[in-house]
> 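Dumping the structure here so I can ask a few things about it.
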Amino acid sequence: MEQRIILINLLVKLGLAAAIAAGLVRSVEFKSLLFREERSLRDRMYLVLWLIVSEWIGKALVLGVWVKFGEPAPSFAGDLSFETTVLLGAIAGRLAGVAGGALLALPALFSGFWLMLPFNVLMGLVAGQLREFAPHHEEIWRFSPFNYLSLLRWVRRTEPRPSFSDWQMVFLLTILGLRFVQSQALRWMPDYDYAPHSRWVAALIYATSVTVIVIELKIWNGVRLQIKLEEQERLLLQARMAALQNQINPHFLFNTLNSVSSLVRVAPDTARELIIKLATILRRLLHSSDAFVPLQEEIDFIDNYLDIEVVRFGRDKLRVVKELDPASLDVMVPSMLLQPLVENSLKHGLSSKIDGGSIYLRSQLSDEHVTIEVEDDGVGMASVQLLEKPGGFGEGGIGMANVAERLKVLYGETARMTIDSRNGTGTLVRLRLPVLPGDAAATLYEERSSTRR
């Protein structure tokens, strides 16, 4: 057998391994099977079938290329059965390695290479047993012989030098050993066309087997690490949303308790009324953990909240005007979105006015967006000051910054918040949100919590 054909086949194997690994990892189902920490028997068999079918398809394509160029296709052209069996055992365990090795040996059995069946089964069993010996499964994904080829790295590393007790070294030697046993076993098979070749070609054959395994592991591990990073981003976003939500609730509670404490002695009946209304609000907060609620539910919550504020301000000093589009009341909006805005209007717009004032709540549904406005006729403030002050609206406030941050986290660039305020004329906060059906609200939250793959 010409060495030229052997070298061409080695290059083809490297390219085929990269193509198969990159193609498989584009499948969501395959990634789900590949990256699971615990796999059922069914999962393992599905993973075996995915890899075996891909290996057979790849080999058929390679044989087609040889025929196209008018070259006689050698029996080993595009054969990745050795590497696939080792990978199955190392990734999915003994059972997957044995089953995959046996299935991959079927074409060889039909060609008279009967010894391939017990050998493949042995390979899958050994590779699966190595998985059991690994200190942790991360070692499998980090496998690379290049860890031991950098002399500078060896000199600088502080941990003990790699030895035969090192798992990755054992895995490397196992691959080379199994490849040697396979090459010797092939000589005993009838009809096997063996021709002597130089030692450097033999070294390339061994190196190619190791490199094929490394290529597929590195491609899959790259996607695996990306998924892990996305999962961490999702968890971070959830924690961020929870922190923003938890920032509002205690803030609202402390303000209301301060109002109750100021009324306990001078107006105990009024204080009692406040406590009852506060209990109603807290009950709603405790029993609702939804990120999105219908606008009608937000308005109902604002009604309960304003009942408390009316008691504080006096019924003759606070007027609430609602101009709500009935079609907009079923639109899903972030929960506790309006309460900080209304509270800011009361605290920073109307509280300093002797004669009180009015709060206007408006909503309008148009096309694919809903517009919500919270306006007061209080003392007003420059909009630049509103955004630049710590916390967003006044010293120590959290309202505007919190609402703006939540909109950015949940909607990205599809939502808009504008502030129009002038000294002595009041403040208008306008929210323009995309319309989300009930089911799409939860879907949006998931999409903002993870990157689509």
> Ignoring hydrogens and angles, tell me if any N or O in the side chain of R362 forms a donor-acceptor pair with the backbone of L324 under 3.5 Å.
no

> Any side-chain hydrogen bond (donor to acceptor under 3.5 Å, both in side chains) involving residues 16-28? Give me the pairs, sequence neighbours left out, ordered by first then second residue.
none

> Identify the heavy atoms of A127 and V86 that sit nearest to each other, and give their distance.
CB-O, 3.5 Å

> Mind listing the closest non-hydrogen atom pair of A99 and M45 along with its distance?
CB-CE, 4.1 Å

> Any chance CD of E132 has more than 12 other-residue heavy atoms, nucleotides or ligands included, within less than 6.0 Å?
yes

> Salt bridge or not for R36 and D43, using N-O below 4.0 Å?
yes

> Please find out if less than 6.0 Å separates the ring center of W50 from that of Y46.
no

> For a quick test of your reading: what N or O donor-acceptor pairs under 3.5 Å do the side chains of residues 211-221 make, sequence neighbours left out?
| unit_1 | atom_1 | unit_2 | atom_2 | d |
| --- | --- | --- | --- | --- |
| T211 | OG1 | A207 | O | 2.7 |
| W220 | NE1 | A21 | O | 3.1 |
| N221 | OD1 | R224 | NH1 | 2.8 |

> Does a side-chain heavy-atom distance below 4.5 Å link L361 with V321?
no

> If every non-hydrogen atom of D376 is compared with every non-hydrogen atom of S345, which pair is closest and at what distance?
OD2-OG, 3.1 Å

> Short question: side chain of D325, backbone of Q364 - any donor-acceptor pair under 3.5 Å?
no

> Test of understanding: with side-chain hydrogen bond (donor to acceptor under 3.5 Å, both in side chains), list the residues that count as partners of S358, not counting sequence neighbours.
R319

> Can you list the steps and then say if R416 with Y411 is a side chain to side chain contact (heavy atoms under 4.5 Å, CB included)?
CA-CA 9 Å; R416 180 181 302 172; Y411 294 100; over 6 Å; no

> Out of curiosity, L407 CG to T414 OG1, how far, rounded to the nearest 0.5 Å?
9.0 Å

> Using side-chain heavy atoms (C-beta onward) and a distance below 4.5 Å, is L433 in contact with P334?
yes

> Test side chain to side chain contact (heavy atoms under 4.5 Å, CB included) on V429 and E375 and set out the steps.
CA-CA 6 Å; V429 180; E375 184 178 10; over 6 Å; no

> Tell me the closest heavy-atom pair linking V370 and S328, and the distance in Å.
CG2-CB, 3.9 Å

> Are I227 and K31 close enough that some pair of their side-chain heavy atoms sits under 4.5 Å apart?
yes

> Ion pair present between K13 and E83, side-chain N to carboxylate O less than 4.0 angstrom?
yes

> Taking C-beta and beyond as the side chain, do L338 and L295 meet within less than 4.5 Å on heavy atoms?
yes

> Would you please test Q168 and R142 for side chain to side chain donor-acceptor pair (under 3.5 Å) and show each step?
CA-CA 8 Å; Q168 290 209 13; R142 290 201 298 258; over 6 Å; no

> Let me see the working for F82 and I175 under side chain to side chain contact (heavy atoms under 4.5 Å, CB included), right down to the final yes or no.
CA-CA 9 Å; F82 173 84; I175 295 173; 4.1 Å; yes

> Rounded to the nearest 0.5 Å, what separation is found between the CD atom of Q296 and the OG atom of S363?
9.5 Å

> To the nearest 0.5 Å, what is the distance between CG (D377) and CD1 (I359)?
9.0 Å

> For R179 and S209, run side chain to side chain donor-acceptor pair (under 3.5 Å): C-alpha distance rounded to whole Å, both residues' side-chain angles, the deciding distance at 0.1 Å, then the answer.
CA-CA 8 Å; R179 195 70 176 87; S209 293; 2.7 Å; yes

> Using a 3.5 Å distance criterion without hydrogens, assess whether the side chain of R39 forms a donor-acceptor pair with backbone atoms of L47.
no

> At what distance, to the nearest 0.5 angstrom, does CH2 of W167 lie from CZ of R131?
9.0 Å

> Do L95 and V48 have side chains that get closer than 4.5 Å, going by heavy atoms?
no

> Is there side-chain contact between D303 and K322, with at least one heavy-atom pair below 4.5 Å?
yes

> I need the minimum non-hydrogen distance between V403 and M417, along with the two atoms involved.
CG1-SD, 3.9 Å

> Mind running side chain to side chain contact (heavy atoms under 4.5 Å, CB included) on L410 and F292 for me, showing each step along the way?
CA-CA 10 Å; L410 289 172; F292 288 84; 4.1 Å; yes

> Between CD of E373 and CZ of R430, what distance do you get to the nearest 0.5 Å?
4.0 Å

> Rounded to the nearest 0.5 Å, how far does OG1 of T85 lie from CD1 of I52?
7.5 Å

> Tell me if a side-chain donor or acceptor on E368 pairs with a main-chain N or O of V435 at a distance below 3.5 Å.
no

> Within the structure provided, determine whether F143 and E139 are in side-chain contact (heavy-atom separation under 4.5 Å).
no

> Which heavy atom of Y206 sits nearest to which heavy atom of L176, and what is that distance?
CE2-O, 3.5 Å

> Can you confirm whether L431 sits close enough to L341 that some side-chain heavy atom of one is under 4.5 Å from a side-chain heavy atom of the other?
yes

> Identify the residue among V342, L337, N344, I302 that makes a side chain to side chain contact (heavy atoms under 4.5 Å, CB included) with V374.
V342

